[in-house]
Each structure stands twice: as structure tokens, then as C-alpha cells.
Amino acid sequence: MSKYLITGITGFAGPHLANLLYSEGHEIHGLIRNSNGRENDIRDVVQDDVFKNIIFHYSDLSNKKLIDNILKENQFDGVFHLAAQSHPPTSFVDPVGTFNENIINSANLISAISDFQDNCKLMFCSTSEVYGNQGSDGREIHWDTKLTPSNPYGVSKASIDIFMQERMENNYINGFITRAFSHTGPRRGRNFSISSDAFQLARINKGMQDNILSIGNLETTRVVIDVRDTVNAYYMLMINDDSSGKIFNVCGDTPRKMEFFTDTLINISGLDVEKKVSDDLYRPIDIMYQNGDASNLIDITDWKPNIAIEETLSDLLDYWNKKIN
């Protein structure tokens with residue numbers, strides 16, 4: 001049994017990762033900002049047998065003194081660093097806050113692990129947003145592709161991505177970098193595309209909203225996989241000795257227009273709705289086409305996405321129907 005810490009355990013991917021680690025027999029620790037009961041929010045996807053075995057530590061990553069103390073007092077086999085401000089539109093509104101959240105806070109964690117964790121492996125969760133529009137010509141983006149982010153969120157992640165590379169190269173830390181491409185599923189925030197559609201359809205189904213589905217740009221193309229497949233890639237890389245010091249794209253291999261996901265959700269819902277473009281949801285600066293090369297991940301782990309996208313979307317819609325209740 002290994003001992004793992006998850007930052008961002010109350011976010012989107014964190015609870016799914018906790019479920020996986022529990023199923024594999026590991027000791028789970030989670031970092032959250034405060035002890036006001038927020039940890040109970042994850043119980044919409046984390047069952048009681050998992051939840052009661054999670055050990056929570058309370059501190060904001062901006063509080064370096066507290067983070068240092070937690071990592072002095074607890075030795076971990078691995079840390080999954082998932083915590084971030086991860087919404088690109090929000091980063092345009094608050095770039096400084098995004099930089100503080102994603103750069104300074106991550107640097108605090110990386111430094112604490114370097115200083116106080118002798119045998120800990122760190123997974124830094126970067127993002128495909130660091131590539132910007134590099135894949136607009138339809139090619140698969142390689143993990144060695146130049147970083148050219150097109151929004152402040154991508155800039156913040158690219159900055160700490162490069163810092164992590166330097167720390168690994170100079171042997172200050174044992175770890176690896178994941179750049180996850182689009183993924184969705186239960187617990188995805190309703191301010192993100194696809195989940196926004198599912199949230200609205202759940203409201204329409206319950207008579208809480210007119211039969212008009214507000215949409216953004218459905219002409220962009222993405223490779224979208226299930227969040228549970230994504231965290232499985234994180235775990236498989238964590239336990240693989242060959243991942244250290246390397247960068248991995250985490251993505252599927254089937255690019256689809258966003259319209260596919262919206263229309264599939266509508267078909268699953270069985271509702272008769274009108275799609276209407278919303279200025280609030282349409283991103284004026286967007287990545288039009290993105291597909292990734294995950295071959296090095298596959299080569300060392302034999303990982304592949306196992307959950308059909310139709311099942312993912314059905315589970316997402318079911319999640320929102322229950323959540324709204």
C-alpha cells in the first residue's frame with residue numbers, strides 16, 4: 001500500500017482519482033483550503049466507504065508555512081497536483097488571480113516537496129492549453145511541441161510546466177508532467193462546455209428552464225475522453241518507474257466537433273430543444289482544432305481509454321439530473 005496526496009481533491013478529477021486509489025488499496029490524503037465542511041461536496045461521486053478513508057489536510061497552497069509543515073510531518077509516496085484555476089474564460093477576467101493560483105501556489109508545493117519529501121514522486125497536471133493553436137492544421141500535437149498558449153490560463157500552466165521541467169532536469173524533484181486534453185464526465189463544472197449542455201438539459205427536463213439550449217461555438221474540434229480514463233492514466237504513470245522526468249499527453253484518438261457532443265446529449269435526453277448561440281458561452285478567442293499524440297504514454301503503460309463517449313455523456317446527464325434534485 002502506498003500513501004498518496006491529492007491536491008484539488010474537491011475539484012473535478014480529484015474525487016475520481018480518490019475512487020481509483022481506494023480501489024487499488026492505497027492510503028489517500030487530500031488537501032483542501034478549509035475545514036468548513038467543503039470536503040463533503042465530493043460525496044456526489046465518492047461513496048461512503050471511500051470517503052471515510054480519506055485523510056484531509058487543511059491549507060491553501062498560497063500559505064507556504066502551512067504547506068511546508070504538512071509535508072514535513074507526512075511522508076508521501078506520491079503527490080498528484082491537480083489543484084488549479086482551470087477555466088480559460090475566467091483567466092481573461094482575472095489573469096493575476098489565475099497566475100497566483102497556478103504559478104505561485106504550484107511553486108510553493110514543488111519547493112516543499114523538494115525540501116521535505118525524500119522519496120516522493122510528483123505528478124504535475126499541466127494541460128493541452130499550453131499548446132494554443134499549434135494543432136490548427138489538423139496534425140497530432142507531440143509532447144515536444146513548442147508551448148504557445150493562447151489564453152492566460154494556458155500561460156500560467158506553461159510557466160509552471162517549464163519550472164517543473166527545470167526541477168526534474170536538475171534533479172531537485174522526481175516527477176513527471178501530464179498534459180491532459182479535453183475530458184468530461186460526472187462532476188464536471190457547469191461553466192465548461194459539454195457539462196453546460198448537460199446541466200441545462202437536466203433543468204429543462206425538470207421544467208426549470210425553457211426548451212432553449214444556450215450554446216457556444218460548436219464548430220471547434222476536440223478529442224474528448226472520460227475523466228475516469230484520464231485519472232487512470234495519471235495513476236498508471238505514477239506507479240511506472242519509466243515515467244520519471246518525462247512529459248505525457250493524455251488524450252484519445254478520435255477528434256470530433258463540439259456539435260457531436262451537444263447533439264448526442266440531446267438525443268440521450270429525449271428532449272425537443274432549440275439550440276441558440278449565447279454571447280456568454282461563445283469564446284471570442286478559442287482553439288479551433290486540437291488532437292494529441294499520446295504514444296509515449298501508451299508505450300510504457302499500455303493505457304487506453306476504455307469508456308465509450310456515449311456512456312460518459314449519459315453518466316454526465318444522469319449526474320446533473322440527480323445533482324439538481
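Keep in mind the model is a prediction, meaning the values are calculated, not measured.
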- CD on E311 to CG on N306, rounded to 0.5 Å: 10.0 Å

- Item | Validation row: Y234, T178 side chains within 4.5 angstrom (heavy atoms) | yes

- Go through the structure and list residues passing ring pair (Phe, Tyr, Trp, His ring centres under 6.0 Å) with H57, not counting sequence neighbours. H29

- Query: Side chains of T221 and M288: closer than 4.5 Å at any heavy-atom pair?
  - Reply: no

- Task: Please tell me if the side chains of I55 and E27 come closer than 4.5 Å, counting only heavy atoms from C-beta onward.
- Result: yes

- Task: Answer yes or no: is there an ion pair linking D77 with K121, defined by an N-O contact shorter than 4.0 Å?
- Result: no

- Salt-bridge test for D68 and K72: reply yes if a basic N is under 4.0 Å from a carboxylate O, no otherwise. no

- Message: Please evaluate residues Q290 and V223 with respect to the criterion side-chain contact (heavy atoms from CB on, under 4.5 Å), reporting the C-alpha separation (whole Å), side-chain torsions for both, the decisive distance (0.1 Å), and the verdict.
- Response: CA-CA 7 Å; Q290 196 172 71; V223 279; 5.9 Å; no

- What's the spacing between F116 CZ and E73 CD if we round to 0.5 Å? 10.5 Å

- Message: If hydrophobic clusters are built from ILVMFWY residues whose side chains come within less than 4.5 Å, do L313 and I204 share one?
- Response: yes

- Using the rule that two of Ile, Leu, Val, Met, Phe, Trp, Tyr join whenever any of their side-chain heavy atoms come within less than 4.5 Å, decide whether I32 and Y22 are in one cluster. yes

- Would you say D94's side chain and T90's backbone share a donor-acceptor pair under 3.5 angstrom? no

- Item | Joint hydrophobic cluster, I110 plus M238, side-chain heavy atoms closer than 4.5 Å | no

- Are I307 and I268 joined in one hydrophobic group, where the rule is that I, L, V, M, F, W and Y side chains link up if heavy atoms are under 4.5 Å apart? no

- Can we say E101 and R33 salt-bridge, meaning some charged N sits less than 4.0 Å from an Asp/Glu carboxylate O? yes

- Mind checking what makes salt bridge (Lys or Arg N to Asp or Glu O under 4.0 Å) contact with D48, not counting sequence neighbours? R43

- Message: Does D272 have more than 12 heavy atoms from other residues, nucleotides or ligands lying within 6.0 Å of its CG?
- Response: no

- Item | Check ion pair K257-E219 (N to O, under 4.0 angstrom) | yes

- Is it true that atom CG of N119 has more than 12 heavy atoms of other residues, nucleotides or ligands lying nearer than 6.0 Å? no

- Note, P186 side chain near R228 side chain (heavy atom, < 4.5 Å): yes

- Under a 4.0 Å N-O cut-off, is there an ion pair linking D210 with R203? no

- Query: Any salt bridge between K304 and D229, counting N to O under 4.0 Å?
  - Reply: no

- Item | R187 to F12 six-membered ring, cation-pi geometry met (6.0 Å, 45°) | no

- For side-chain contact (heavy atoms from CB on, under 4.5 Å), just list the numbers for L17 and Y4, CA-CA rounded to whole Å, side-chain angles, deciding distance to a tenth of an Å, and then say yes or no. CA-CA 10 Å; L17 179 57; Y4 292 115; over 6 Å; no

- For T301 and N240, test the side chains for any donor-to-acceptor distance below 3.5 angstrom and give the result as yes or no. no

- Nearest heavy-atom pair of I67 and S59: which atoms, and what distance? CD1-OG, 3.6 Å

- Query: Would R139 and T145 satisfy side-chain contact (heavy atoms from CB on, under 4.5 Å), going step by step from the backbone distance to the final call?
  - Reply: CA-CA 11 Å; R139 61 190 166 90; T145 297; 4.2 Å; yes

- F176 six-ring face occupied by K246 cation (under 6.0 Å, within 45°): no

- Query: Are a donor atom and an acceptor atom from the side chains of Q200 and S196 found within less than 3.5 Å of each other?
  - Reply: yes

- Is the closest side-chain heavy-atom distance between F80 and T7 below 4.5 Å? no

- Hey, are R179 and D293 close enough for a salt bridge, meaning a charged N less than 4.0 Å from a carboxylate O? no

- Message: For K275, is there an ion pair with D263 - N to carboxylate O distance below 4.0 angstrom?
- Response: yes

- Nearest 0.5 Å please: distance from the CD1 atom of I215 over to the CD atom of E274. 9.5 Å

- Task: Find out whether V224 and T184 are in side-chain contact, i.e. whether some heavy atom of one side chain is under 4.5 Å from a heavy atom of the other.
- Result: yes

- Query: Crowded around E166 CD? As in, over 12 foreign heavy atoms under 6.0 Å?
  - Reply: yes

- Message: Angle between ring planes, H87 versus F192, binned at 30° and 60°: parallel, tilted or perpendicular?
- Response: perpendicular

- Can you check whether R222 reaches T220 side chain to side chain, under 4.5 Å on heavy atoms? yes

- How about F99 and Y153: are their ring centres within less than 6.0 Å of each other? no

- Going through the distances and angles, do N205 and N321 end up as a side-chain contact (heavy atoms from CB on, under 4.5 Å)? CA-CA 8 Å; N205 184 50; N321 277 316; 3.5 Å; yes

- Message: Using side-chain heavy atoms (C-beta onward) and a distance below 4.5 Å, is W320 in contact with S195?
- Response: yes

